[in-house]
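The block underneath contains the structure these notes are about, expressed in structure tokens.
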Amino acid sequence: MIQKAEAIVLKTLNHGDTSKIITLYSREYGRLKLIAKGVRSPKSKAMGLFQPTRHIQVIYYAKSTSDLQLFKSGELLDGFFGLEEDFDRLTLAQVMVELLDRSVEDEESHPILFQLLVDSLSRLSNRSIASAEAFWFFHTHLLLELGFRPHVGHCSVCRESLDDGGSLGLGSSQLECVKCHQPGHDSILVGGVVLQVIQGLLDSNWSEVEPSTLNARERRTLWDFLWQFTFHHIESARGMKSLKVLRQLYG
Ligand SMILES: [Zn+2]
């Protein structure tokens with residue numbers, strides 16, 4: 001059966017001498033794997049489509065008994081070319097697609113998540129939008145859509161409000177107040193201002209997100225909190241290659 005899908009390229013793998021296996025996240029069918037035969041030959045017109053982060057439309061032969069479908073043709077909808085001139089933004093975009101790839105199951109459609117990815121890549125490729133906010137919005141809303149809402153308002157033990165900040169023990173995803181937390185050398189202390197920013201991101205549409213005024217240290221704890229929370233819920237995110245590059249940029 002011939003099918004059509006709108007998708008973002010998540011990753012590609014060379015196969016044989018001239019082919020590629022492409023992993024896509026599609027609006028219609030969730031994560032999809034296609035084999036594109038002959039696309040690495042110099043004559044192929046499809047090669048430019050298959051860079052991770054590209055927004056494309058594909059036509060393919062679908063067989064319900066196979067988890068690898070045969071690519072027929074495709075066209076580019078948006079290359080997000082603004083990313084290519086900026087290594088930081090390109091790295092963040094690669095973290096987005098790799099995190100999504102590791103968060104979803106095959107062939108389970110989630111159109112809201114798909115739209116979040118398209119919109120977030122588009123914002124990242126627009127230099128007039130702050131890249132950190134674009135990324136944080138994606139990250140917090142991905143967690144929301146997957147059903148992992150970070151609770152940043154109250155201590156997970158005594159339920160008191162965390163206006164003055166909270167701490168996260170090693171490997172935990174639950175914040176505790178100063179009175180309840182047993183400090184260890186791996187504890188992450190997240191300030192009240194940072195927790196408010198996270199709460200604001202979780203409670204807002206993109207149009208309501210305000211530029212943050214966090215300093216470098218506060219931004220760092222925001223990252224540390226979001227990633228420790230993510231690793232706790234999405235174990236396979238721990239081995240992300242693009243995250244290693246990101247750490248070299250900001251570490
Ligand atoms: Zn407490």
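Hydrogens, waters and symmetry mates play no part in the numbers below; they use all other heavy atoms, side chains included. Order of listing sets the numbers, starting from 1, for every ligand and every atom in it.
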Practice problem: Using a strict 4.0 Å threshold on nitrogen-to-oxygen distance, state whether Arg127 and Asp88 make a salt bridge. | Solution: no
Quiz item: Below 4.5 Å, heavy atoms only, C-beta onward: do Ile56 and Leu77 meet side chain to side chain?
Solution: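 Counting from C-beta outward, Ile56 and Leu77 never come under 4.5 Å.
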Quiz item: With a 4.5 Å limit on heavy-atom distance, are the side chains of Trp227 and Leu243 in contact?
Solution: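 Trp227 reaches Leu243 side chain to side chain.
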Exercise. Output yes when a side-chain donor or acceptor of Glu98 lies under 3.5 Å from a complementary backbone atom of Lys241, and no otherwise.
Key: yes
Practice problem: State whether His181 contributes an N/O/S atom found under 2.8 Å from the Zn ion (ligand 1). | Solution: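 No, outside the cut-off.
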Quiz prompt | Angle subtended at the Zn ion (ligand 1) by Cys158 SG and Cys180 SG, rounded to 10 degrees | solution =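 Reported to 10°, the angle equals 110°.
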Quiz prompt | Vertex the Zn ion (ligand 1), arms to Cys155 SG and Cys177 SG, rounded to 10° | solution = 110°
